[in-house]
Amino acid sequence: MEKQQKDYSQYTKIDFFTDDLFISYVLHPDEENMAYWELIGKNFPGIVPEMEEARHWILALNGQSAYRPSAGKPELWQKIAAEIQAHDRRQLRYIRPIKRAARWIGSAAAIFILGWMLHEYSQQGEKEHYAGYGAQQEIVLPDESVVTLNGNSTIRYARTWKSDKPREIWLQGEAYFTVKHVALKNRLQQSDSFRVHVQDLDITVLGTRFNVRNRRTTTEISLVEGSLRINQTATGALLKVLKPGDAFIYDSTSHELKSLERKAVANKAWTNNEIDLDGYTLEDILHILEDTYGYEITLQAPELAQKRLSGTIPAHNAEDILFVLKKVFNLRINQKSNHLTISPNQYP
Amino acid sequence: MFDEKNIWDTFRYGDESSFKLIFEQFYTPLFNYGHKFTVDDHIIEDALQDLFVKLWKNKDSIRETSSVKNYLYKAFRRVLLRKLSYAPQVVGFSSPEDKLDFNFQLGHDHTLISQERLQQIRQSLSDALKKMTPRQREIIHLRYYEEMEYEEIADIMQLSVSSTYKLLYRAIETLRNNLSNTDFLLLLSLLSLKKV
């Protein structure tokens with residue numbers, strides 16, 4: 001054993017008293033350490049009394065009986081138990097619910113902020129406006145151009161417009177545009193143009209006023225003022241350059257662009273809450289009621305479909321239009337929620 | 001068998017019966033330890049009550065521990081010392097020596113040492129302990145009674161390990177001085193015996 005190399009001959013009781021090995025032998029004797037210290041005793045007989053005395057010191061210190069207080073353990077536990085139970089009741093009654101509520105509010109706030117951030121982030125690229133059935137909305141674009149959205153129509157555009165890129169709008173439905181002219185005189189650049197993408201057409205303008213009506217498979221473009229160019233989105237082919245007063249209709253199924261007999265100005269009458277009926281058949285008007293005001297209409301008098309009217313009628317709401325139709329064509333209109341059944345009035 | 005770790009964990013999850021077991025287990029050792037600081041039972045009892053109520057209140061934030069004993073000794077020492085410093089009129093570190101009692105229980109095998117000698121050992125130890133500072137007494141208690149390692153003592157007494165060695169060394173010095181004194185007396189008595 002390596003430990004045996006140690007010279008214990010000069011050890012005093014104090015040395016033994018502070019020796020970790022000796023202490024553990026005294027307090028926890030086992031075969032190994034007993035054999036070891038007995039051997040030490042044999043090798044250095046002179047120190048045996050010192051060892052014995054140190055042993056007794058250690059035993060004396062270790063063997064002190066624990067101090068026992070006069071007051072009892074159960075009594076103290078009673079006090080502690082009463083206090084912790086009161087604490088638990090308080091926790092249960094007030095603090096926990098408050099903590100829970102705070103946690104709930106905290107997570108609700110976190111979710112709200114997260115949702116808001118996601119919303120903001122999703123809106124980063126594009127902004128979208130939608131006008132519901134029978135509603136109109138006026139939107140001022142980043143370049144101060146104004147778009148009036150008719151009912152059931154949507155525009156989308158990039159939130160920020162860079163000055164070196166054309167201004168671009170995506171349209172579904174009907175809208176009237178008053179585009180601000182940003183080009184300097186005689187310095188026309190590609191980036192000065194304003195572009196409306198609608199169905200499969202690209203309409204490119206400078207400063208101008210025009211109406212675009214995209215319903216079902218047709219797109220009507222009516223230029224009130226300025227100049228306007230129509231291209232096919234897919235091919236980029238130039239279809240037409242419009243002059244003020246021109247009104248054209250493009251059919252996306254037949255890819256045909258036809259001149260409209262109606263005046264261009266008549267097609268923006270809706271922005272003044274009117275409908276200019278010149279050139280409209282009853283069927284056209286019913287389509288407007290369906291597309292812009294969200295009705296479903298069944299006409300039970302097919303012979304009336306191609307009948308025409310002229311003049312301007314108020315169109316603050318669908319009832320205005322229906323009232324006029326009813327009177328002029330002598331119709332009976334049955335309404336079930338948004339479903340209209342129109343038939344000739346049998347009893348005039 | 002008192003499964004310290006398991007009981008500590010169930011206590012931390014709010015099991016009151018485990019908590020009571022911890023109290024039962026450590027009441028006497030802690031009381032005894034507290035008695036090294038003050039002879040006022042009420043203060044020790046108050047400190048114990050504070051300690052255990054605080055443990056329960058903070059059980060959610062108490063972490064697992066490698067030694068419940070060390071954790072409790074350390075916490076109890078802090079609570080008790082604060083109490084003692086707030087109550088200066090009560091005997092604390094400056095407790096009168098005559099009130100201290102060291103209940104030595106001597107070993108049963110006195111083969112090599114006479115009963116008389118054992119009595120002397122008891123007396124000289126008692127005298128030496130009375131001459132020690134309270135911190136010296138505390139370290140002797142933790143080392144020889146609680147059988148703690150230097151690292152554990154350092155942790156409980158909030159000392160560095162080297163300071164712990166130094167403090168214990170000074171305590172032993174006091175012991176040595178006192179015991180050599182006794183030895184001197186013993187020598188004298190032996191001499192006088194021879195004379196007779």
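From a predicted model like this one, the values you see are computed outputs, not experimental measurements. Chain naming here is simple, since letters A, B, ... match the order of the sequence lines and numbering starts at 1 in each.
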- Query: Based on non-hydrogen pairs under 4.5 Å, which of A:I58, A:T12, A:V26, A:L27 is most in contact with chain B?
  - Reply: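 Going by pairs under 4.5 Å, I would pick A:L27.
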
- When A:I23, A:D88, A:N62 are compared by non-hydrogen pairs under 4.5 Å with chain B, the top option: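 The answer is A:N62.
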
At a 4.5 Å cut-off on heavy atoms, which part of [X] comes close to chain A: side chain, backbone, both, or neither?
| X | answer |
| --- | --- |
| B:L168 | neither |
| B:E149 | neither |
| B:Y33 | neither |

- Task: Apply the side chain to side chain contact (heavy atoms under 4.5 Å, CB included) test between A:V196 and each candidate in A:V147, A:I155, A:L171; give the one that qualifies.
- Result: A:L171

Heavy-atom proximity to chain B below 4.5 Å, by part of [X]:
| X | value |
| --- | --- |
| A:Q85 | side chain |
| A:D20 | both |
| A:I84 | both |

- Among B:F23, B:F52, B:Y169, residue most engaged with chain A (heavy-atom pairs, under 4.5 Å): B:F23

- Task: Quick one: sort the A:H129 and A:Y157 rings into parallel, tilted or perpendicular, breaks at 30° and 60°.
- Result: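 The arrangement is parallel - the two ring planes meet at less than 30°.
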
Decide whether a cation-pi geometry holds between [X] and [Y]; the criteria are a distance under 6.0 Å from NZ or CZ to the six-membered ring centre and an angle within 45° of the ring axis.
| X | Y | result |
| --- | --- | --- |
| B:K59 | B:W56 | yes |
| B:K74 | B:F76 | no |
| B:R143 | B:Y150 | yes |

- Task: Tell me yes or no: between the side chains of B:D15 and B:S17, is some donor less than 3.5 Å from an acceptor?
- Result: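 Present: a donor and an acceptor within the cut-off.
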
- Task: Ignoring hydrogens and angles, state whether a donor on the side chain of B:E146 or B:Y73 is under 3.5 Å from an acceptor on the partner side chain.
- Result: yes

